[in-house]
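Here the structure is laid out as structure tokens; the discussion comes afterwards.
Per chain, numbering begins at 1; letters A, B, ... match sequence-line order.
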Amino acid sequence: MAWTRKILRVDLSSGSCTSEPLNMEWAQQYLGQRGLATKYFISEVDPKVDPLSSANKLIMTTGPLTGTPASTGGRYSVVTKGALTGAIACSNSGGYFGAELKFAGWDMIIFEGKSAKPVYLAIENDKAELKDAAHLWGKTVWQTEEIIKKSHQDPQTRVCSIGRAGENGVMYACIVNDLHRAAGRSGVGTVMGSKNLKAVAVRGTQGVSILKDAKAFMNAATAAKKVLADNAVTGQGLPTYGTQVLMNVINEMGALPTRNHRDSQFEDARKISAEAMIEKRPSDGKSHLVTNNACFGCTIACGRISKIDETHFSVVNKPEYWGASGGLEYEAAWALGAANGVGDLEALQYANLICNEDGFDPISFGATVGAAMELYELGILTEKQIGMEAPFGSAKALCELAQMTARGEGFGKELGLGSARLCEKYGKPELSMGVKKQEFPAYDSRGIQGMGLAYATSNRGACHLRGYTVASEVLGIPVKTDPLVTTGKADLVKAFQDATAVFDSAGVCVFTTFAWTLADLQPQLDAACEGDWTMEKLAAVGERIWNMERQFNNAAGFTAKDDDLPPRLKTEPVKTGPAKGLVSGIDKMLPEYYQARGWDANGVPSKETLARLGL
Amino acid sequence: MQKSLHIDANKCTGCLQCEMACSYENYGVFNIAKSRIKIFSFEHAGRKVPYTCTQCAEAWCMNACPVDAIRVDAGTGAKIVNEAICVGCKVCTIACPFGTVNYVAETGKVQKCDLCGGDPACASACPTGAITYVDADWTGLDKMRAWAGKTDTATRASA
């Protein structure tokens with residue numbers, strides 16, 4: 001069955017683990033994963049809840065295609081009220097954990113309450129129990145995974161966990177699974193830490209069977225895999241170069257935010273690009289990149305596995321970092337690099353390793369360092385306060401600050417607040433580059449106008465994965481639009497947001513959408529899932545999910561004024577490159593977007609819209 | 001022509017499509033725990049390595065079996081476990097030097113790769129060509145060709 005039809009409810013306060021049937025009526029309306037878990041979350045949690053209180057809940061959820069041979073069918077998501085944003089959060093991860101959870105027989109785990117002491121959840125098929133995690137508290141993600149696998153005497157066990165960042169209240173802590181895949185954004189790991197939940201270990205040997213029409217499903221999955229293989233991006237670009245292939249492309253467009261968005265082109269972009277990853281280093285004659293890797297079921301395999309330069313200052317005498325490990329991906333390389341002006345690839349990989357090892361989001365961390373460096377250059381933060389010199393471009397500061405943030409030491413504690421709270425604290429809130437307290441990813445809203453609108457209206461705060469109009473504005477997928485204009489972007493953003501909500505709810509990776517449209521996903525879902533899954537139904541599911549998330553945020557206290565970009569992007573024109581002279585046209589696009597959505601001028605869905613979507 | 005599974009670990013990305021295909025072919029379920037081919041991850045080297053039965057000509061498992069439950073398939077050369085005869089004594093799992101015959105507690109029998117009757121599902125499912133099904137006499141051909149290219153001094157001289 002595409003859905004296992006079982007939910008595991010874990011009450012951390014009382015320590016009970018109970019099984020309950022999945023609401024199949026909701027499954028027909030919200031599909032699975034992001035949509036279905038958000039429906040559960042919203043039905044059970046007060047929107048005004050303090051994200052770090054025991055009344056907040058945290059849901060780990062698979063989709064109907066998770067654990068099937070549909071390409072990339074191994075995803076799971078974490079849904080909660082984000083610690084960083086206070087908005088609905090849904091962070092998606094690959095690796096092998098999601099499929100294992102499905103194979104154990106669970107569609108989702110709902111964590112509620114708060115444990116009095118550190119615990120971890122151990123699942124072996126139908127059996128689930130909370131176990132003492134006193135020996136794991138204070139340990140990194142990597143140590144936690146190793147200790148659990150050893151103590152369970154089962155190397156096949158899959159683990160997701162928080163590192164010290166999640167324990168220490170870093171506001172953008174991740175939940176990391178399989179060593180270097182992460183439910184990364186919005187502080188879902190912070191919420192997990194606040195509940196004294198250290199890890200989830202899963203062993204599932206039941207598998208997935210009895211799809212609605214197995215033969216049709218295998219045919220549809222095979223046809224869709226061919227579409228990925230034949231596509232230039234998913235068949236060649238991503239497996240060969242990874243997401244990093246974008247670094248030079250976006251820089252040449254003049255849309256690579258640099259030094260906290262002061263600039264939009266980075267003079268050292270080449271040094272931190274995919275091309276640099278495969279060049280031989282002068283120090284040891286080896287390339288940074290070792291190989292590419294796939295997540296469960298993925299026939300794209302964009303993941304990067306690299307080895308750091310053992311002679312680099314960050315890892316001299318630290319052999320524990322010399323082995324092959326995850327990174328660099330585009331977003332991390334940008335946030336740790338261009339965003340704070342650092343052009344040292346090995347330093348970026350070191351900071352990236354620390355983010356993976358102790359579980360915090362390299363996008364928010366890197367961008368927060370960028371904000372701190374600007375405060376330092378303005379003389380608002382001093383060498384004494386930070387504990388070191390921290391001008392833009394300092395690789396040494398980046399590496400030191402990553403360690404301090406991981407361990408919760410010194411100025412690392414302040415960086416753990418995220419850029420919004422940090423800049424607010426030092427009287428310069430306008431220097432935080434983000435939306436709804438979440439930092440921007442690697443595309444400048446001035447040079448790619450549609451992304452500005454996508455950021456401003458993203459339900460989980462600034463994010464590239466909610467409506468990736470870069471596909472259209474840069475790569476011409478499915479049609480090329482002009483990145484420098486605002487015309488037509490409201491409809492474009494809406495279309496991307498609604499379609500993405502379906503992919504995020506299916507159990508597959510959003511990167512398939514470089515090649516797939518809903519028409520490629522639909523036959524797979526329709527063959528796998530009970531019910532009649534037409535294109536019309538899926539389109540409605542996507543729009544329903546978007547509006548449901550919006551309703552939660554509105555009820556949580558967000559208003560139209562939160563759908564905005566920092567003043568820098570609206571008033572300081574791009575200095576160089578093809579977008580020179582431009583600012584974001586967000587003020588023009590936003591009303592058009594509200595209208596396209598069927599929302600009023602305050603960003604509130606109209607009665608007609610809600611009725612149309614069955615909300 | 002006898003064919004053989006040929007594994008090139010350099011091409012493996014660790015997607016586990018082969019493991020799903022194997023379990024689906026043999027048990028009608030997507031369940032990597034039941035796969036007869038396994039992908040091993042060597043994290044620190046960044047290596048993913050597929051491994052399964054190589055169908056030895058003088059199969060240790062077959063010779064060790066006290067009830068003759070393992071026979072050679074005349075068409076494919078695969079050593080096949082006859083579940084009706086297997087008594088689950090596990091002697092073959094001890095005899096196999098490579099560990100590719102495994103006991104299945106659920107059935108009380110052993111399982112191993114049977115080459116899917118000559119059309120291995122793992123090879124069909126592999127998206128990168130890490131697992132192929134080739135002429136058994138030429139499993140090393142691609143490697144030979146690659147080395148031949150490297151040692152071809154004429155090409156190098158003219159380049």
Side-chain angles (χ1 to χ4, degrees), chain A residues 66-74 95-96 99-100 102-104 125 142 145-146 155-156 178-180 203-211 214 217-218 221-222 225-226 228-229 235 239 289-307 320 322-326, chain B residues 7-52 99 102-108 111 116 119-132:
Chain A
T66 306
T68 74
S71 186
T72 75
Y96 301 97
E100 197 74 21
K102 188 77 170 282
F103 290 157
N125 294 324
W142 296 350
E145 198 166 320
E146 194 183 341
Q156 305 289 86
D178 304 291
L179 302 177
H180 41 70
R203 180 73 171 119
T205 60
Q206 301 180 16
V208 170
S209 58
I210 328 176
L211 301 180
F217 173 75
M218 292 305 271
T222 303
K225 281 176 194 163
K226 187 164 184 318
L228 294 176
L289 183 73
V290 174
T291 186
N292 65 323
N293 250 196
C295 295
F296 183 93
C298 175
T299 57
I300 304 172
C302 74
R304 302 292 96 181
I305 300 293
S306 302
K307 274 190 187 170
E320 64 269 32
W322 294 355
S325 196
Chain B
I7 288 170
D8 182 351
N10 284 321
K11 293 181 179 168
C12 179
T13 61
C15 74
L16 310 192
Q17 285 283 350
C18 56
E19 297 197 15
M20 277 187 284
C22 180
S23 64
Y24 186 66
E25 175 75 21
N26 291 297
Y27 300 99
V29 56
F30 306 120
N31 185 356
I32 58 174
K34 290 192 167 179
S35 176
R36 298 164 184 187
I37 186 165
K38 300 273 184 218
I39 308 303
F40 292 91
S41 182
F42 299 90
E43 296 291 347
H44 293 288
R47 302 277 292 170
K48 305 274 185 180
V49 185
Y51 205 71
T52 189
N102 302 107
Y103 182 66
V104 183
E106 201 181 312
T107 57
Q111 69 168 15
C116 298
D119 183 14
C122 55
S124 308
C126 179
T128 62
I131 307 166
T132 48

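In this view, A:Glu145 and A:Lys149 satisfy the salt bridge (Lys or Arg N to Asp or Glu O under 4.0 Å) rule, not counting sequence neighbours. A search for side-chain contact (heavy atoms from CB on, under 4.5 Å) contacts involving B:Tyr24 returns A:Ala214, A:Met218, B:Phe30, not counting sequence neighbours. B:Ala21 pairs by the side-chain contact (heavy atoms from CB on, under 4.5 Å) definition with B:Ala121, B:Ala125, not counting sequence neighbours.
Contact count versus chain A (heavy atoms, under 4.5 Å) is highest, among B:Gly14, B:Cys12, B:Gly28, for B:Gly14.
For A:Lys102, no part lies under 4.5 angstrom from a heavy atom of chain B. For chain B, the nearby part of A:Phe103 is the side chain; its heavy atoms alone come within less than 4.5 Å. In this structure, chain B has a heavy atom under 4.5 Å from the side chain of A:Ala301, while its backbone stays farther away. No part of A:Ala221 comes within reach of chain B, as not one of its non-hydrogen atoms sits under 4.5 angstrom from that chain. In this structure, chain B has no heavy atom under 4.5 Å from any part of A:Leu228. Using a 4.5 Å cut-off between heavy atoms, A:Thr205 touches chain B through backbone and side chain atoms alike.
Around atom CD of A:Glu320, more than 12 heavy atoms belonging to other residues, nucleotides or ligands sit under 6.0 Å away.
Residues A:Val208 and B:Asn31 have side chains not in contact (no heavy-atom distance under 4.5 Å, counting atoms from C-beta outward).
Interface residues of residues 35-45 of chain B toward chain A, defined by a heavy-atom distance below 4.5 Å and sorted by number: B:Glu43, B:His44, B:Ala45.
Across every non-hydrogen atom of A:Ile305 and B:Gly46, the tightest pair is CG2-CA, 3.9 Å. Here the closest non-hydrogen pair linking A:Gly67 and B:Met20 is O-SD, 4.2 Å. Smallest separation of non-hydrogen atoms from B:Lys48 and A:Asn293: CE-OD1, 3.3 Å.
The backbone N or O of A:Cys298 sits nowhere less than 3.5 Å from a side-chain atom of B:Gln17 that would complete a donor-acceptor pair.
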Between B:Ile32 and A:Glu100, does a side-chain contact (heavy atoms from CB on, under 4.5 Å) hold up when you go through it step by step?
-> CA-CA 9 Å; B:Ile32 58 174; A:Glu100 197 74 21; 4.3 Å; yes
